[in-house]
Amino acid sequence: MKTLDIVTLFPEIIDFYFENTPINKKINKAELEVNTHQLRDFTEEKHNKVDDNQYGGEAGMVLMAQPLINSINFITNFRKQKPFTILMSPQGEKINQSILSEIFNHNHLAFVCGRYEGVDERFIEEKVDVELSVGDFVLSGGELPTILTIEALLRFIPGTLGNRDSFLNDSFGENFISQLKGPVYTRPPMLNGRKVPDILLSGDHKKIQEWRKKISEKRTQSRRNDLLK
Ligand code: SAH
């Protein structure tokens with residue numbers, strides 16, 4: 001049984017995703033439990049305040065450490081174990097398939113979504129196991145990065161994809177480690193003068209595999225040479 005606890009000021013965004021994503025319907029409820037937690041429920045301040053001006057004179061609000069620490073303590077009591085705690089942050093390690101597969105080994109995960117100028121550093125020191133970034137750009141909140149990370153993680157659960165092979169055969173999958181997958185085609189065999197490569201219609205599975213390997217290498221070289229280093 002895996003559990004995902006998500007701390008956010010906007011639980012509706014995450015709940016909406018889980019209510020509507022097709023992958024969710026394939027997940028066995030005994031296998032995965034997802035809970036969102038409203039950060040405001042953990043504040044000790046008046047008026048449910050969770051943020052304050054940042055020290056040092058720069059503009060912008062910062063999420064206070066105490067409600068964040070309280071939320072992780074609550075989840076720890078509830079799960080009877082400290083969750084492996086992930087803070088979404090543009091200053092974190094950039095996620096990729098191999099980082100995700102390490103994270104997938106933990107049974108209890110907590111995701112913390114930042115907002116405004118980010119979170120008080122002392123929360124990170126006290127509770128966060130890893131900071132993860134979804135890329136070198138800045139969003140307004142950690143909700144979309146959390147959804148993105150969770151969607152990628154759910155694909156590791158056997159049975160969430162209709163076909164296990166599609167996981168292994170995707171870009172960065174076990175059959176294409178560090179490589180892009182290459183092009184795919186469906187009906188019709190001819191479209192506006194563009195033909196599906198003959199090899200794919202040949203039925204020769206060995207040759208098709210060789211072709212895929214070659215075209216994947218070529219595409220990776222031309223588009224993402226950095227992956228081959
Ligand atoms: N002032 C911070 C950015 C805050 S953005 C800085 O300069 O580093 C507000 C929140 O959005 C962050 O706390 C984080 O949770 C989320 N966020 C923004 N960009 C992100 C990214 N690339 N990856 C992961 N989380 C991100």
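Whatever order the structure lists ligands and atoms in, that order sets their numbers, starting from 1.
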Atom indices of ligand 1, in the order listed, that fall short of 4.0 Å to a heavy atom of Ser133: 22 (N), 23 (N), 24 (C)

Other residues, nucleotides, ligands: >12 heavy atoms within 6.0 Å of Phe16 CZ: no

Close side-chain approach of Thr149 to Ile95, heavy-atom, < 4.5 Å: yes

Which residue and heavy atom of the protein sit nearest atom 17 (N) of ligand 1, plus the separation: Pro90 CD, 3.7 Å

Under 4.0 Å to a heavy atom of Gly118 - the qualifying atoms of ligand 1, by number: 13 (O)

Option of least heavy-atom distance to atom 5 (S) of ligand 1 (set: Asp136, Leu139, Thr149): Leu139

same_hphob_cluster(Leu100, Leu32) at 4.5 Å side-chain heavy-atom cutoff: yes

Contact check: Met88 vs ligand 1, nitrogen or oxygen atoms, below 3.5 angstrom: yes

Protein heavy atom at shortest distance from atom 1 (N) of ligand 1: Glu117 O, 3.0 Å

Whether Leu132 lies under 4.0 Å from ligand 1, heavy atom: yes

Electrostatic pair Glu210-Lys206, nearest N-O below 4.0 angstrom: yes

No-hydrogen, no-angle side-chain donor-acceptor test under 3.5 Å, Glu151 and Tyr17: yes

Any N or O of Val138 closer than 3.5 Å to N or O of ligand 1: no

N or O contact, Gly114 vs ligand 1, cut-off under 3.5 Å: yes

Residue pair Met88 / Val134: nearest heavy atoms and the distance that separates them: CE-CG1, 4.2 Å

Asp15 CG to Phe10 CZ distance, which is reported to the nearest 0.5 Å: 13.5 Å

His37 and Phe74 aromatic ring geometry - parallel, tilted or perpendicular at 30°/60° bounds: perpendicular

Those atoms of ligand 1 less than 4.0 Å from some heavy atom in Gln91: 6 (C), 8 (O)

Atoms in ligand 1 flagged as close to Pro145, the criterion being non-hydrogen separation under 4.0 Å: 24 (C), 25 (N), 26 (C)

Test item: side-chain donor near acceptor, Thr43 and Asn48, under 3.5 Å: no

Ion pair check, Lys2 and Glu33, cut-off under 4.0 Å: no

Top protein contact for atom 23 (N) of ligand 1, by heavy-atom distance: Val134 N, 3.1 Å

Backbone or side-chain N or O of Tyr116 under 3.5 Å from ligand 1 N or O: no

Gly135 N/O to ligand 1 N/O under 3.5 Å: yes

Any Val119 heavy atom less than 4.0 Å to ligand 1: no

Protein heavy atom at shortest distance from atom 24 (C) of ligand 1: Ser89 N, 3.4 Å

Phe137-ligand 1 polar pair, N/O distance under 3.5 Å: yes

